Amino acid sequence: MKLRDIPIQRKIMTVILITCAIVLTLMCSAYMVFEYISFRNVTKVHVSTIAAVVASNSSAALAFDSQKDGVDILSALSEEKHIVAASLYKSDGKIFAKFPVYIQDSSVPSSPGEAGFYFSKGFLEGFQPVVQNGKILGMLYLKSDMQGLYEQLRHFAAIALFLIGSSLLIAYFLSHILQKSISQPILQLEETARRISEKGDYSVRAKKNGDDELGALTNAFNFMLSQIEVQNKEILSFNHTLERTVEERTLELVEANSVLRQQKEFVETIINSSVDIIGVFDAHLNYVMINKRVGDFDEYKRDEIVGKNILEVFPDLADSAMYKNLQMALKGEIVHDKKYKSPIVNRYFENYYIPLMNELNEVYGVLAIGHDISDIMEANEKLESVNSALVKSNQDLEQFAYIASHDLQEPLRKIQTFSQLIIHDRDNTEMVSRYLEKINSSANRMQQLIQEVLNFSRISRAEEAFVPVDLNKTIESLLIDFELLIREKKATINFSGLPVIRGIPLQLSQLFSNLMSNSLKYTERDPLITISCRDITSEELNSYPDLNQNSSYICISVEDNGIGFDPQFNEKIFSIFQRLHDKQSYSGTGIGLALCKKIVENHGGKIEGHGKVNNGSRFNVILPVR
Amino acid sequence: MKIRILLLFTFMIFSSSAQKGANSEAKIKAVFLYNFTRFVEWPARSFSSETAPFVIGIIGEDPFGAYIEQAIVGEKVNSHPIVIRRFNSIAEIEDCHILFVNLHDGGMIKQVVAHVSGKNILTVSDANNFAGWGGIIRFYSEESKVKIEINTTAAKAAQLSISSKLLSVSQIY
């Protein structure tokens with residue numbers, strides 16, 4: 001436990017005891033050192049004195065060469081138990097006597113040294129000149145051990161320990177009594193402070209014990225308490241007022257909040273019930289809000305989108321018109337994109353990008369509104385196709401009217417002419433009969449023409465259901481229809497591996513019937529007709545822009561070895577009443593191929609003619625397969 | 001052990017005395033004469049002045065030769081320089097402080113003692129009965145060592161105070 005954490009009573013006592021212990025130890029140590037030094041000095045003086053006395057006593061023995069007396073005098077040193085060795089030297093430096101007598105010469109210096117005593121290796125030793133009336137007669141050597149010093153020090157250490165111990169004991173009891181005068185008021189203060197902090201009762205006052213600093217502290221503490229008490233009351237009343245104010249404000253806030261919430265819900269309801277997509281972006285094009293409408297488009301979840309950057313959610317938008325328009329709107333421009341094809345949901349939108357400005361006219365975001373116009377676009381497209389069909393039908397009608405005015409009038413004019421001739425030659429029965437025959441023939445032709453025109457117009461209006469048709473069976477039944485003609489013309493017709501397609505069986509039969517009859521008609525000798533089928537590749541499909549690029553098509557070719565036609569008429573031959581040959585050479589109404597074209601277009605396909613003069617012709621029928 | 005040490009001692013003593021012989025004895029006695037100046041006090045009135053010499057007199061044949069001169073050269077007793085005077089007859093004897101009497105005839109010695117009585121003179125001699133004849137200090141040999149015998153009565157009569165230390169190493173008559 002650190003000193004600063006222990007209770008104050010123990011702290012004071014600890015401080016006193018530590019101080020006492022340190023002071024006593026220092027004092028004892030100092031005294032011991034002093035004692036050691038002074039004892040050394042005393043010892044030195046003592047030994048020097050002994051040496052002086054012995055030297056003085058031995059002067060006569062040395063002067064008169066009385067070794068026995070010298071030995072006797074030295075032997076008196078046995079009374080001094082610390083003297084361990086002594087010797088006398090004559091003036092010529094020779095050993096004269098030793099103490100104790102039995103020690104060897106090597107135990108004492110062989111010759112005298114300088115006068116004086118010194119400490120050496122735990123001994124005090126030295127030389128004392130033997131002088132009589134100023135005459136140096138010799139030298140005395142003395143060697144004393146330091147046992148006396150050590151003994152003294154041991155005694156002293158024991159006394160010092162006893163002193164320190166008893167002093168500390170006394171200091172302990174004294175400090176125990178005396179520390180109360182300091183700790184008691186502090187503890188009382190502490191106790192008072194604790195009572196106050198526990199009970200919050202600031203009316204309690206600390207008891208004052210004296211006029212020292214602690215008394216002043218108690219005074220200050222009590223003064224502080226009275227201040228706190230006053231301030232506490234003020235704070236309490238202030239708090240009370242504050243609480244009331246807060247309550248009022250809270251009530252106002254709750255009301256304001258509920259109004260705000262209603263408004264927010266109102267706005268959200270409007271936004272979410274909008275059929276348009278409404279999104280708000282911040283200045284960095286992160287989604288701030290997006291309405292429920294976006295949930296209609298597959299997997300995107302509103303919660304996951306909000307907060308993220310538009311490119312993080314839809315990386316595909318990086319080079320889209322939408323992204324460019326958003327950036328323009330961020331520059332403060334209102335952008336209206338009338339037709340935007342979303343690469344994400346494959347639908348068309350009419351988009352508005354409206355910059356959101358703060359009061360400083362700085363753009364802080366963009367409001368984007370997307371109106372789904374896919375259905376309108378679809379309807380428009382339908383309308384357009386219907387319109388173009390109408391235009392086409394109109395053209396057909398105009399062409400029909402023009403041709404009808406020529407081709408239908410021709411038999412009529414004949415009938416008029418021959419009927420006038422009958423009126424003129426009514427007596428000539430032979431002629432009349434021939435004219436009537438001509439009139440009849442013209443009327444027949446007229447009837448045939450009208451029949452075929454009716455057929456043609458019926459196909460235009462036909463809206464029968466599509467069913468699977470096996471073209472092999474269609475051709476087989478036509479072979480039976482043309483059996484007589486084939487036999488007559490000795491024709492060969494090859495066909496194989498034709499597919500089953502969806503279509504109107506009667507029209508498909510008419511289509512191939514016309515093509516086969518044309519081939520038989522315009523081939524003079526040994527007609528060879530080949531009907532084959534292959535798939536249209538996607539590269540080929542690219543060269544027919546008016547076909548649906550997403551569907552697959554087959555091409556059925558009807559090829560012959562007949563008279564063919566000039567390739568310049570490749571297109572023209574499909575016009576109604578268009579004829580390349582006169583009626584006398586080849587009979588026909590000029591409606592057949594126009595009918596074929598109409599049927600193929602009715603089936604969503606295309607027909608092409610490829611002719612070479614006197615070198616056969618080939619018709620390609622391109623039809624969708626499903 | 002003790003016996004060996006004693007033997008060693010004895011050998012040392014014999015060897016030293018054998019080496020020195022009679023000359024060595026004369027030298028020791030010369031030094032002793034000088035050393036007496038350190039252990040004996042003469043009354044102040046025995047000196048005529050502060051710087052008056054301390055006189056060592058020799059009567060009879062001088063046994064010391066140069067030894068005595070060597071022993072005292074440059075030495076002083078207090079402020080008194082030591083000098084040697086040799087007397088050929090009793091009549092020659094003047095005031096001196098130490099008188100070495102190298103006479104062996106009892107009558108002569110008695111005359112000398114009588115001559116110096118009342119004076120502060122330390123008489124010294126080798127003569128056997130010197131103390132008996134009233135002399136103060138006698139040298140004698142014991143275990144081939146020079147020993148001293150002192151007649152304290154005679155010393156007192158001569159008003160000389162002899163150091164107890166000297167007495168402690170001497171034989172008292």
Side-chain angles (χ1 to χ4, degrees), chain A residues 49-79 85-108 110-111 128-140, chain B residues 1-6 8-10 12-13 15-17 20 24-25 27-42 54 70-72 74-80 82 124 137 139-150 161-171:
Chain A
T49 309
I50 292 170
V53 170
V54 172
S56 173
N57 286 344
S58 56
S59 58
L62 271 171
F64 303 104
D65 199 19
S66 175
Q67 210 159 18
K68 186 181 159 290
D69 288 301
V71 172
D72 282 351
I73 289 162
L74 288 186
S75 67
L77 288 170
S78 61
E79 292 301 311
S87 55
L88 276 169
Y89 301 85
K90 290 195 280 191
S91 53
D92 61 3
K94 287 194 177 122
I95 294 174
F96 179 68
K98 293 178 293 183
F99 167 82
V101 285
Y102 52 82
I103 61 165
Q104 297 189 348
D105 282 3
S106 56
S107 303
V108 293
S110 56
S111 60
Q128 172 76 34
V130 179
V131 181
Q132 184 68 34
N133 281 357
K135 173 69 183 173
I136 294 171
L137 298 167
M139 277 287 193
L140 170 70
Chain B
M1 188 71 178
K2 264 188 179 174
I3 294 166
R4 270 177 70 185
I5 292 166
L6 271 172
L8 194 70
F9 254 73
T10 321
M12 279 169 70
I13 291 162
S15 67
S16 74
S17 62
K20 288 165 189 172
S24 159
E25 197 179 308
K27 188 181 174 183
I28 289 169
K29 284 176 183 165
V31 172
F32 278 22
L33 273 186
Y34 163 72
N35 282 347
F36 286 142
T37 68
R38 307 294 154 180
F39 292 90
V40 179
E41 269 182 45
W42 281 262
F54 182 95
Q70 282 168 12
I72 58 112
E75 296 287 347
K76 284 182 176 179
V77 176
N78 297 327
S79 55
H80 312 288
I82 301 176
V124 183
I137 293 176
F139 291 135
Y140 67 97
S141 283
E142 190 181 288
E143 293 168 352
S144 67
K145 291 197 84 176
V146 179
K147 295 283 180 183
I148 297 160
E149 183 189 54
I150 297 173
S161 102
I162 295 171
S163 162
S164 60
K165 292 184 229 170
L166 176 54
L167 294 177
S168 70
V169 300
S170 307
Q171 188 80 38

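Since this is a predicted model, take the numbers as computed values, not measurements. Convention: sequence-line order gives letters A, B, ...; per-chain numbering from 1.
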At a 4.5 Å cut-off on heavy atoms, which part of [X] comes close to chain B: side chain, backbone, both, or neither?
X	answer
A/I73	neither
A/S58	neither
A/N133	both

Chain B: which of A/V131, A/N57, A/D65 shares the most heavy-atom pairs with it under 4.5 Å?
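Sorted descending by pairs with chain B, the first entry is A/D65.
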Pairwise distance CD(B/E75) to CZ(B/R38) - rounded to 0.5 angstrom:
5.5 Å
Check each atom of [X] against the heavy atoms of chain A and say whether the ones under 4.5 Å are side chain, backbone, both or neither.
X	value
B/T37	backbone
B/Y34	side chain
B/L166	both

Between A/F64 and B/F36, is the ring centroid distance below 6.0 Å?
yes
Show your working on side chain to side chain contact (heavy atoms under 4.5 Å, CB included) between A/Y89 and A/K94 and close with a plain yes or no.
CA-CA 5 Å; A/Y89 301 85; A/K94 287 194 177 122; over 6 Å; no
Mind checking what makes salt bridge (charged side-chain N to carboxylate O under 4.0 Å, His left out) contact with B/K165, not counting sequence neighbours?
none
Examine the side chains of B/E149 and B/Y140 and answer whether a donor and an acceptor come within less than 3.5 Å of each other.
no
Residue, of B/V31, B/N35, B/N78, B/V146, that accumulates the most heavy atom pairs under 4.5 Å with chain A:
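If we count pairs closer than 4.5 Å to chain A, B/N35 comes out on top.
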Checking B/E41 now: which residues fulfil side-chain hydrogen bond (donor to acceptor under 3.5 Å, both in side chains) with it, not counting sequence neighbours?
none
